[in-house]
Amino acid sequence: GVAYRKRTGGTKNRGCQICGKEFTPNSSMHWLCSRACISVRQRHQRLATKYGLTANAFEDLLGRQGGGCAICKTKDSARWAVDHDHACCDGNSTCGKCIRGILCFPCNQALGLFRDSTDSLKCALAYLADSNEPGQPGSVYQ
């Protein structure tokens, strides 16, 4: 901070690269105004590195889904996940062509626990449908 002020002859405010808020940088390399903006930048970098998505592409995809999870439709998720076909790409990144949609964390976790198996999901659906019929073994309506 002090060395930067001495070198530049004072501090100059600049706009945060994420939110645009004007702030006084601590150094010439300081381009973000807060920890929150640093988190947003890190999220943008993860989207680009892991999925080949820009922040705008992510928001566009979420918008095409009505602004919510592709499965449960919730719009109030603290954590969003980019869902992709794990059979397509191995490793820490995807080709970008196998992205299926944006999911809330619980729906993404559920698909992972079912190992993306449509057969397992069909069996789970049948189990839920059958167990809720009165008189069936395991029914909550005994």
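Owing to the predicted nature of the structure, the values given are computational and were not obtained by experimental measurement. We use all heavy atoms of the structure for the numbers below, so side chains are in, but hydrogens, waters and symmetry mates are not.
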Here the pair of heavy atoms bringing His84 nearest to Asp116 is O-OD2, 4.3 Å
If hydrophobic clusters are built from ILVMFWY residues whose side chains come within less than 4.5 Å, do Ile18 and Trp31 share one? no
I'd like to know if the side chain of Arg79 and the backbone of Phe105 have a donor-acceptor N/O pair within less than 3.5 Å. no
Tyr51 side, atom OH; Asp83 side, atom CG - distance, nearest 0.5 Å: 9.0 Å
Give a yes or no on whether the backbone of Gly101 and the side-chain of Gln65 come within a donor-acceptor separation of less than 3.5 Å. no
Side-chain heavy atoms under 4.5 angstrom apart, residues restricted to Ile, Leu, Val, Met, Phe, Trp, Tyr: same cluster for Ile71 and Phe114? yes
Judged by atom type as modelled, is there a donor-acceptor pair below 3.5 Å linking the side chain of Arg14 to the main-chain atoms of His30? yes
Distance check, rounded to the nearest 0.5 Å: Leu111 atom CG versus Ser120 atom OG? 11.5 Å
Closest heavy-atom contact between Cys33 and Cys16? N-SG, 3.4 Å
Report, one line per pair, each donor and acceptor closer than 3.5 Å where one atom sits in a side chain of residues 36-49; sequence neighbours left out.
unit_1, atom_1, unit_2, atom_2, d
Ser39, OG, Arg35, O, 3.3
Arg41, NH2, Gln17, OE1, 2.7
Thr49, OG1, Gln45, O, 2.9

Quick one, Lys97 with Asp85, criterion salt bridge (charged side-chain N to carboxylate O under 4.0 Å, His left out). Give me CA distance, side-chain angles, the key distance, then yes/no. CA-CA 9 Å; Lys97 296 175 187 170; Asp85 184 354; over 6 Å; no
Testing the basics here: between Asp76 and Thr74, what is the closest heavy-atom pair and its distance to 0.1 Å? N-OG1, 3.3 Å
Work out which heavy atom in Trp80 is nearest to a heavy atom in Cys69; give both atom names and the distance. CZ3-N, 3.6 Å
Within this structure, what is the CD1-OG distance for the pair Ile102 and Ser77, rounded to the nearest 0.5 Å? 10.5 Å
If you round to the nearest 0.5 Å, how far is SG of Cys107 from NZ of Lys73? 9.5 Å
So, does Lys12 use its side chain to make a donor-acceptor pair with the main chain of Thr24 at under 3.5 Å? no
Identify the heavy atoms of Gly68 and Leu62 that sit nearest to each other, and give their distance. O-CD1, 3.7 Å
